[in-house]
Each structure stands twice: as structure tokens, then as C-alpha cells.
Amino acid sequence: PLLAGRRGGLGGRSGSRGVPRGGRRKAGPGRLSPELSSLLFSPGRTRNLLRIGVIKKPLWFDVYAAFPPLREPVYRVPRPRYGKVKDVIRPILYQEDEVRAKFYKVYGSGPRPFNLSQSNYKSTCQRFVEKFNELKEEGKIEEEKLFEETGKALLASGIILQRRGTDKVAQEDHQGVETRGSVLHLQLQTVLEEMQGQKKDQEEQTPELAERQKENPLPS
Amino acid sequence: MHLPFRLLLKSESFASMLRRSPLIQMGPAKDKIAIGRIFHVVEDDLYIDFGGKFHCVCKRPEVDGKKYQKGTEVRLRLLDLELTSRFLGATTDTTLLEADAVLLGLVESKQTKQKE
């Protein structure tokens, strides 16, 4: 496969550049091989710099000479597109993006900050999406309720999701460490009450939560 | 020990890794909270790397100013992953090679953080 590539490259190049065909002539000690000089004819900045002696030979130099690309990588200004002509590169969208969009719209950024440096990092949103897919595959719950049910399932497993509704809830996030513990306590209380069957609708939680949190900062 | 499927396979394709990557999980960067690390300090300017394409530069806050040194972990609210804008008469955008974020504070220690 290596040899085949080489031959193909040689043939293609000579055809387009008009280099005399024939076998590879051996380059002398101080000379550049004909393939190399024909190849780096126009944008031969590296070649020129090398000849002057300003830079030392880069690692890719010989590799590029041996296996050049089909088209020389010179920048070509892209033609402006008119009418209905669309870009060949499609936007990257996944099926779980729908769930993610809704999650971010409802819950804001999420309780945990993102750590993008870790490659195997699983954010709260990702867990939500996975839970959502699990529940969807089970098929017991209908479509409209799936979102709420996933929220409840995550609450049951210990992940607290704060709705991005009222401003008071958002302010509590940045206040301090002491209030977070009590906020968590309050939320757990409300969840327990809900699970005991007192409240069905989750929207009723937020104004209640906001009221309790308003009382909370006063003593601290 | 239960291992996820992708770790049992010796190699995972790039498309699969991208789909699971934290960057895709995050989605649009506007108003997302992230953790960054300060990698360079120039007097009052803190150069913070949060794992995105570019780093961001923030001013040293007045509260606990001395605590922000090289290597400190901080919380940020991301606004933009890359600051770009198009000037009048230009065909392409000009980029600043920098992200935009608001510094919220230091990352709390493990004792005060809640386990999820």
C-alpha cells in the first residue's frame, strides 16, 4: 500500500505540474529531490527558509515529500453562496439535545458546576438524559409526564434540581454555604410531603419554597 | 465490577466520544456555571482555563483577593466560548482568541460541598 500510494502520487503530480516523467532520480547530498522541488514550487516558504539556513528541517518535511496531499493545501477564498445553496457541513445535533434543551430551560445551569477538563465527566444534565431515556424505554409513563417523572426520579436518588423560576431561588445559590444546607433540608421536606401524596403539581412547590427561603435569610 | 460498555471495548470511536463529552453535554455556553483553574497571573488579571477552546481573563476580585494565585480553582459563569465580532466591511469575523466569563468565586472545599 505504501508503494502504490507513492506511484499514484507521482503520476498525479507530474500530470498537473509538467515535471518530466521517469523513474526517481537519486538526489545528491546537497540537492533537493525533483519531487520535492516540484512540490514546493510555489508556497515553498519552508524550502526557502531551509535553503537560507534560518530554520532547521522540520519533522514533517520528508513525510510531506514522500506522501503529499492530493490537493496542495493552499487557502482558497470560498465562493459566496446565493439562494438556497447550503453548507455541506451539517450542524451537529443529537436526539438527546431536545431533552437537554428543555432541561436547561427549566432548571438553568444545573446544581453542579461543569468540569470540562475531565473527559469522563458526567454532568447532572447527562444523568437526567439517561434517566429520561430509561423511563422512555420502559414505556409505562406517557410522553407529557416523562419530564416530571425524570425530575422526581432524580430527586429520589439524591440529586436536587432547583427550578429557574423566581429570582429569589436564583439568589439563594450565591449567598453562602450555611444557607445551602437549610435549603436542601427544606427541599427534602417538600419532596417528602409530595411523595406522601399531598401535592401533585410541581409548580406549586416553587412559590412555597420561595416563601420559606425568604424567611430563612432573616435570622442569618 | 460493572464496567460501562465503552470501557470494555478497547477503542471508542471519536463520534461516540464526542457525543458523551462534557462539551456537548453543556450545550450553549451562555450562563452555564463551570470550574476553571488559574494558570497565569499578571498583577490584577487572572488567566483562567476552564477546558474550553480558549481561556478567559478576569479581574481579581476585592473579596479574598490574595487567595487567587496560580493553580487556584474558581467558579465561573460562562458567557461566550470565543469572543468574535465582524467589523464593518469585513468578510469574516475577527476573533480575540479568548473566552468571556464572570468570576463567581473560589471553589468551596470538599467538606462544605454536598455529595450528589
Side-chain angles (χ1 to χ4, degrees), chain A residues 75 77-81 91-105 107-130 154-155 157-162 164 170 173-185 187-188, chain B residues 3-7 12 14-37 39 48-56 61 63 73-79 81 90-92 99 101-116:
Chain A
Y75 179 69
V77 181
R79 253 192 295 177
R81 292 196 186 89
I92 301 174
L93 290 170
Y94 301 108
Q95 277 178 334
E96 51 257 25
D97 282 346
E98 284 176 56
V99 185
R100 281 190 195 133
K102 201 168 174 195
F103 175 87
Y104 287 129
K105 190 172 157 192
Y107 294 113
S109 171
R112 248 188 337 167
F114 291 99
N115 192 346
L116 296 170
S117 323
Q118 273 181 300
S119 48
N120 58 352
Y121 177 76
K122 227 195 216 188
S123 65
T124 320
C125 181
Q126 190 62 14
R127 288 195 206 179
F128 188 93
V129 166
E130 283 173 6
L154 279 184
L155 272 165
S157 63
I159 302 170
I160 310 295
L161 298 167
Q162 263 187 338
R164 187 181 66 165
D173 272 340
H174 305 309
Q175 267 216 3
V177 168
E178 303 91 56
T179 49
R180 271 176 106 196
S182 35
V183 162
L184 175 62
H185 184 64
Q187 281 172 326
L188 283 170
Chain B
L3 280 174
F5 181 61
R6 61 189 172 93
L7 286 182
E12 196 184 349
F14 176 73
S16 165
M17 285 202 282
L18 184 69
R19 193 167 180 169
R20 267 178 256 273
S21 69
L23 187 68
I24 298 290
Q25 285 174 34
M26 186 173 78
K30 185 95 175 56
D31 293 330
K32 295 274 162 44
I33 314 286
I35 294 184
R37 197 178 49 88
F39 67 93
I48 303 165
D49 175 29
F50 55 88
K53 189 175 177 189
F54 299 110
H55 61 272
C56 67
V63 179
E73 303 230 336
V74 292
R75 275 172 69 221
L76 305 163
R77 185 171 68 226
L78 304 175
L79 298 172
L81 282 180
T91 44
T92 51
V102 174
L103 188 59
L104 295 176
L106 296 161
V107 168
E108 289 134 8
S109 62
K110 283 198 181 143
Q111 281 133 12
T112 52
K113 209 161 65 165
Q114 285 141 12
K115 275 246 167 198
E116 309 227 49

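Quick note on labels: first sequence line is chain A, next is B, and so on, each numbered from 1. Note that the coordinates shown come from a computational prediction; the quantities given were computed from them, not determined experimentally.
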### Task
State the CG-CG distance between A/Leu116 and B/Leu78, to the nearest 0.5 angstrom.
7.0 Å
#### Entry: Side chain / backbone / both / neither for B/Leu18 at chain A, heavy atoms under 4.5 Å
both
### Message
Looking at A/Tyr104, I'd like to know if the NZ or CZ of B/Lys32 sits under 6.0 Å from its six-membered ring centre while staying within 45 degrees of the ring's axis.
### Response
yes
### Message
Return the CZ to CD distance between B/Arg19 and A/Gln95, rounded to the nearest 0.5 Å.
### Response
6.5 Å
## Note on the structure
Rounding to 0.5 Å, atoms CG (A/Asn115) and CD1 (B/Ile33) come to a distance of 13.5 Å
### Query
Within a radius of less than 6.0 Å around CD1 of A/Ile92, do more than 12 heavy atoms belonging to other residues, nucleotides or ligands occur?
no
### Query
Where is the tightest heavy-atom contact between A/Arg100 and B/Gln25, given as atom of each residue plus distance?
CD-O, 3.8 Å
### Exercise: identify the closest heavy-atom pair between B/Ala15 and A/Tyr94
O-OH, 4.3 Å
